[in-house]
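Let me begin by presenting the structure, written as structure tokens, before commenting on it.
For clarity, every value in this text was computed on a predicted model and none was experimentally measured.
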Amino acid sequence: MANTDSVNVRVLSLNCWGIRYLSKHCPQRYAMIGDMLCREEHDIVLLQEVWSEKDYLSLKRKLACSHPHSHYFKSGVIGSGLAIFSKHRIHDTFLFRYSLNGYPYMAHHGDWFGGKAVGMAILNIGSLTANVYVTHLHAEYCRDKDSYLPHRVVQAWELQQFIRHTSAGADVVILGGDLNMHPEDLGNRLLRSYTGLRDSYLETAKFDGCEDGMTLIADNPFISKKELLPFDKGIRIDYILFKGSSKMDVYCDFMSTTKGSVPDHPFPYSDHEALTAGLRLETHTTTETGRDSQSKNKDSAAGKLAELVDIVTEARTEVKVGLHCAQSMRYTAKRTGVMGLALLFLEVAIATVPWLALGAEQPFPRTSFYLLAALCFAILLTTFLLYIFYTIELKSLQGAEDQMRLAVGSLQEKLRGFPLAQPHNAQRRPPKAHEPSAFDPEE
């Protein structure tokens, strides 16, 4: 490899916890964040949970000199909360909203109302084309009984699909955001293995920040230690991921995180820690490799494909669990609705007694009769809406499971082209003119 050029890019990612009137010290913290961004002058800033467009516009005015280009992604009832600020011109943007995002009746969690999505911006960094993505996945509220796990796995599946299908022409791919997944969680492994994205914390040559790169720490005054259990010190759920291309190598020279407290301020920027990654982009020219090197590359590719098959199969199993739960909940909603309808018919039958028996009095007080009717209609309306919601959830899970089934079949077919990886298939001849497919994590 012969290096011909080098470009340095500083990227910041931060979950701002910007729920107006609910998040503590929200206006003051946004002012602190704006001051920090003006001072540090990152090339690309990826923000999550900027729920109010007024707060985004306030940051935009404050960063007009340091980050003249920006975009706010709008989605859902209260927005997606995603925003990008950049020194480099933004040429195009696109928002993809995840098909599953929690349950509307879990209002105390609020994820469903947020319109979780992934936002994409295409930038020109000099002569290079960079696809920059920012996202925020569904939160994990209980590690032991995570009822949202199938939804988060489907979100990770849709995220990797979106990145693969939109970044084919990019020289550099950067993803930042709050993934709400631990480094070895299923969705995280699925995302990184399928796309070939690399973790800045694992790849960096120099690190300065919280222990083990944690981004949700017990020492943060906005964090309740009960929320972190069984992890006493904290967890790592925020990431900056990156990858290069066939003509561009990307290296992480340094990475840092904030450490809870902010000098000269009584509270930190957010309940999450901010991540900063210093990326070095180097163009290169390919050189011819010998047979030994080609053999090693084939073995490595075969190993990655085999690992990817296992990961997608595991994800498919988790989605099937979600399917079973959705079917059960839809059946419960249907059964409850039938009971409500039967109760309504019984009430109508009772109401017709005075008409059929002339002179007979109404067996129930009128007030009780109306209250019972209102209850019946409420049951019917609620169960009808729930039945529709669970049907939509069911179809989304079925669609993801079908896609995963096709993907596993395609990956297994490609794996057969590597006889060294599967000795029992050594008799099988590899397909002619084998070309790397879109499933290759290295692409």
Side-chain angles (χ1 to χ4, degrees), residues 1 96 99 118 131 133 153-173 175 181 184-199 202-203 241-250 284 286-320 397-443:
M1 182 179 74
F96 175 78
S99 60
V118 51
N131 277 31
Y133 301 87
V153 170
V154 171
Q155 287 180 345
W157 174 259
E158 293 176 343
L159 175 59
Q160 65 82 17
Q161 281 189 315
F162 182 73
I163 292 175
R164 285 195 300 111
H165 292 306
T166 58
S167 63
D171 298 312
V172 181
V173 176
L175 167 65
M181 296 185 292
E184 294 305 317
D185 281 357
L186 173 59
N188 205 328
R189 289 184 284 118
L190 179 67
L191 172 64
R192 289 187 283 114
S193 298
Y194 228 127
T195 60
L197 289 167
R198 293 145 59 198
D199 188 348
L202 300 178
E203 299 288 334
L241 309 177
F242 64 90
K243 74 171 182 175
S245 62
S246 58
K247 63 177 182 179
M248 181 63 54
D249 285 328
V250 184
H284 70 274
T286 57
T287 57
E288 293 185 2
T289 57
R291 291 184 178 181
D292 293 341
S293 178
Q294 290 179 355
S295 177
K296 290 181 180 179
N297 290 338
K298 280 189 176 182
D299 291 343
S300 176
K304 289 180 179 179
L305 280 173
E307 180 185 8
L308 188 52
V309 169
D310 293 338
I311 293 173
V312 177
T313 301
E314 184 181 352
R316 187 182 172 194
T317 301
E318 192 59 52
V319 170
K320 286 181 178 180
L397 289 168
Q398 287 172 341
E401 197 272 332
D402 288 342
Q403 294 168 10
M404 291 177 183
R405 174 174 50 81
L406 292 173
V408 168
S410 179
L411 289 169
Q412 289 175 335
E413 183 177 351
K414 185 178 180 181
L415 194 58
R416 295 190 187 101
F418 296 92
L420 292 177
Q422 294 187 351
H424 58 279
N425 283 337
Q427 300 290 334
R428 185 182 179 92
R429 295 168 60 185
K432 295 182 179 180
H434 179 73
E435 295 292 338
S437 72
F439 296 108
D440 195 329
E442 294 298 317
E443 295 180 358

Practice task
Looking only at non-hydrogen atoms, find the nearest pair between Val319 and Val154 and report the distance.
Solution key: CG2-CG2, 4.0 Å
Exercise for the section: Look up atom OG1 in Thr313 and atom CZ in Arg405, then write down how far apart they are to the nearest 0.5 Å. Expected result: 12.5 Å
Handout entry: Close side-chain approach of Leu191 to Trp157, heavy-atom, < 4.5 Å
Key = no
Handout entry: Nearest non-hydrogen partners of Gly187 and Ala156, listed with the distance
Key = O-CB, 3.6 Å
Handout entry: Nearest-0.5 Å distance, CZ of residue Phe162 to CG of residue Leu175
Key = 11.0 Å
Handout entry: Contact summary for Ser167 and Asn131, nearest pair of heavy atoms
Key = CA-ND2, 3.5 Å
Practice task
To the nearest 0.5 angstrom, please state how far the CD atom of Gln161 sits from the OG1 atom of Thr166.
Solution key: 11.0 Å
Practice task
Determine, stepwise, if the pair Tyr133 / Ile163 fulfils side chain to side chain contact (heavy atoms under 4.5 Å, CB included).
Solution key: CA-CA 8 Å; Tyr133 301 87; Ile163 292 175; 4.1 Å; yes
Problem - pair Lys304-Ser193: side-chain heavy atoms closer than 4.5 Å - result: no
Practice task
First locate atom NE2 of His165, then atom CD of Gln160, and finally report the distance between them rounded to the nearest 0.5 Å.
Solution key: 7.0 Å
Practice task
Please report the shortest heavy-atom distance between Gly244 and Val250, naming the atom on each side.
Solution key: CA-CG2, 3.6 Å
Exercise for the section: May I ask you to say whether Glu314 pairs ionically with Arg189, meaning some side-chain N is under 4.0 Å from a carboxylate O? Expected result: yes
Problem - Audit row: Leu241, Arg192, side chain to side chain contact (heavy atoms under 4.5 Å, CB included) steps and yes/no - result: CA-CA 8 Å; Leu241 309 177; Arg192 289 187 283 114; 4.2 Å; yes
Practice task
Determine the minimum heavy-atom distance between Ala170 and Ser245, stating which atoms define it.
Solution key: O-CB, 3.6 Å
Problem - Close side-chain approach of Leu308 and Tyr194, heavy atoms under 4.5 Å - result: yes
Exercise for the section: Hey, could you give me the CG/NZ distance between Asp171 and Lys247, rounded to the nearest 0.5 Å? Expected result: 4.0 Å
Fill in the blank from the handout: Heavy atoms of Gly196 and Lys243 approach each other most closely as O-CB, 3.8 Å
Handout entry: Distance, nearest 0.5 Å, that separates CG of Asn188 from CG of Leu197
Key = 10.0 Å
